[in-house]
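Worksheet: the structure to be examined is printed underneath.
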2 protein chains.
Amino acid sequence: MATLGDVAARAGVSISAVSRVLSDAPDSRVSAATKQRILDAASALNYRPNFAGRALKSARTQVVGLVVPDITNALFTELMHGAEDEAAERGYTVLLGRSDDVRPGGEVIARLIGEGRVDGMALQVGDGVPPAGLRDLLSTQAPIVLVNSAIPGQAGSVTLDDHRGTLLATEHLLGLGHERIAFANGLPRSFTAKRRRTGYKLALATAGVRVPAGYETRVGYTVDNGRTALRQLMALDPRPTGIVVANVNAAVGLLGEARRLGIRVPDDLSIVTVHDSWTAENTWPPLTAVKMQFYAVGRTAVRSVIRRIETGETSDEVVTDPPPELIIRESTAPPPSAT
Amino acid sequence: MATLGDVAARAGVSISAVSRVLSDAPDSRVSAATKQRILDAASALNYRPNFAGRALKSARTQVVGLVVPDITNALFTELMHGAEDEAAERGYTVLLGRSDDVRPGGEVIARLIGEGRVDGMALQVGDGVPPAGLRDLLSTQAPIVLVNSAIPGQAGSVTLDDHRGTLLATEHLLGLGHERIAFANGLPRSFTAKRRRTGYKLALATAGVRVPAGYETRVGYTVDNGRTALRQLMALDPRPTGIVVANVNAAVGLLGEARRLGIRVPDDLSIVTVHDSWTAENTWPPLTAVKMQFYAVGRTAVRSVIRRIETGETSDEVVTDPPPELIIRESTAPPPSAT
DNA sequence: TTGAAAGCGCTAACAC
DNA sequence: GTGTTAGCGCTTTCAA
């Protein structure tokens, strides 16, 4: 690999002149002719600035870490794309990490930041980590921004308008005439589960609808969790006629389990989910969903990390633009009795 | 962040002594007592070796790049996990990249390698890039290993036993009594499509079964491609009673389109796919699939890259262990006429 | 057993 | 306009 020195030798100038030209400093203080010679030499040698050399000198890597619990998840993929696009526009690169072992004491963050591999990070922890458990992780003053959870005052955060997501979903079922509307939620300690709950509750309260006890499950966000949730809800008396699901993966599970039990969707039971993804389009029936704007979350998170890195400012942001959007497919219909 | 100098000062020794101890050189040539003082100082200061400093000096990053066309794809996720596990065991880190713009002239590879961000890479290009187009990308002597494609002699490669995958899938349908078996394949120029084709052909030939013209589509591996493929195949006369699909995402599309057209699976039509993933379990009906060992591919690819980096050896490997495995679910049954 | 010192590629303050 | 130089944190050779 060619170095600055190689380019300088070829162009017959000093290393610093080359550095000034190639790192396009605002004022390179070099004559047009020299500049051209340098550029020619650089491209002839196919010069690229060495990452380590630059990082060592400037104490900046221009890399931000993005750590999510599970890359498999289509939602995080969308988030990642947003993060990458924003980073690219600002001359940063995204380094992806898994937060599998981001528990208090987990190593990922400490390593990435401590070894100077990244300048800052956007961190979404799994459902299993209660927000309180994050405190010591964040005790360092490193530029970390939480994604889809928040500890006000401790670190910056970027979250979705979860409340509005479940509100829209619940209103959709109410609008179809449902009253026995259940809610398949995430784990109680989960930050998003708490917020999604309020939207569901508010919609019911506003409509003056009361639901029987046990109409909220709190199993989790995986496909299997969804299967369990459906069994729990279908064991109730009276059975719900509609279910709002707090996560699309869980919704896929609910749908599969309904099928297994011979419950027809949407004839016997309507299912609407929060989150949309390509999987939701390809279930049978295709899932009615409230699309949450994960792409925007990714962009916002990276913007926030970079601001934190460059100016030190911290902020807690909620992504409301674009707003959550109801996409009606075929898993919802009026309740059976309403014929 | 604490540096070697900080640790040295605290322990009252020289920087080089600290370096020797902390980079656990086989022979640190340091007395037990000094060593202990150094270790204490390091942990008191929470010392971590600076990545850039080390990389600059040693001209090694201990990072391998993994570039895949689409991180959304569940298959690549599995591959990634394999890659990460292997890397971790060998003291390397995986840096993930997207190959969206890996066409001849694409920048990703040149950047990662040229800027010294990675020591080598495993590269899977999208279906759209014909193997020939890769040549110039690989003209550099950089330690690059191709994944799921190969240009013998040009770079190392790691591939799946694609042939055996479609062979098993086709034999499964034959075993159920199907004879009118179609094949929904990828694009003709795709490396894997060519290999998958041979398995299908061989199984039919061995069984002495001949199929009508038009029984192979070559649309591609996406969900939408799958929908198109199904329409093409169902327009044929006679219609196939079974379809072997070369990719699970396409299979999801075929299934959805069959549903839309009122074709019952598996009663009217059996569908078996190559590849397995969690999506295959959650379609309706759940897809019978031949599981291909992507996790093993990831491990093998990283092992191969590291060998290339450290010893310069190149190899072309086919992952046959564990072998492809047929997982029978509910999308396949005997053909309608065979009652 | 220990330390001094050179140098990896780069930037930036300073001198000419 | 252009060049010299110090130094970022680390490893490693060589000397003590």
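Everything numeric here is computed off the predicted structure, so don't read it as measured data. A, B, ... follow the sequence lines: proteins, then strands. Residue 1 opens every chain.
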To the nearest Å, how far apart are [X] [atom1] and [N] [atom2]?
| X | N | atom1 | atom2 | result |
| --- | --- | --- | --- | --- |
| L4(B) | dG7(C) | CG | P | 20 Å |
| I15(B) | dT13(D) | CD1 | C1' | 16 Å |
| M1(B) | dG9(D) | CE | P | 12 Å |
| L22(A) | dA12(C) | CG | P | 13 Å |

Whether R90(B) and E310(B) form a salt bridge (side-chain N of Lys/Arg under 4.0 Å from carboxylate O of Asp/Glu) is what I want to check.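 Looking at E310(B) and R90(B), the cut-off is not met.
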Are E89(A) and R299(A) within salt-bridge range, i.e. N to O under 4.0 Å?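 A salt bridge links E89(A) with R299(A).
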Can you sort out which residues in residues 33-60 of chain A have a heavy atom within less than 4.0 Å of DNA chain D? Ascending by number, please.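 Result for residues 33-60 of chain A: T34(A), L56(A), K57(A), sorted by number.
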With a 4.5 Å heavy-atom cut-off, do [X] and [Y] have their side chains touching?
| X | Y | answer |
| --- | --- | --- |
| V68(B) | M80(B) | no |
| E86(B) | I306(B) | no |
| D40(B) | R37(B) | no |

Are any side-chain N or O atoms of D119(A) and backbone N or O atoms of V64(A), one a donor and one an acceptor, separated by less than 3.5 Å?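 Not confirmed, D119(A) side chain does not pair with V64(A) backbone.
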Pair of N/O donor and acceptor under 3.5 Å linking dT4(D) base with S16(A) side chain: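 Present.
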Return no unless some side-chain N or O of S14(B) is found under 4.0 Å from OP1 or OP2 of dG3(C).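 Result: yes.
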Side-chain N or O of S19(B) closer than 4.0 Å to phosphate OP1/OP2 of dT11(D):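 Looking at the OP1 and OP2 atoms of dT11(D), one of them is under 4.0 Å from a side-chain N or O of S19(B).
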Give the nucleotide from the list dC10(C), dT13(D), dT11(D) with an atom nearest to the side chain of S23(B).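 Looking only at heavy atoms from C-beta outward on S23(B), the closest nucleotide is dT11(D).
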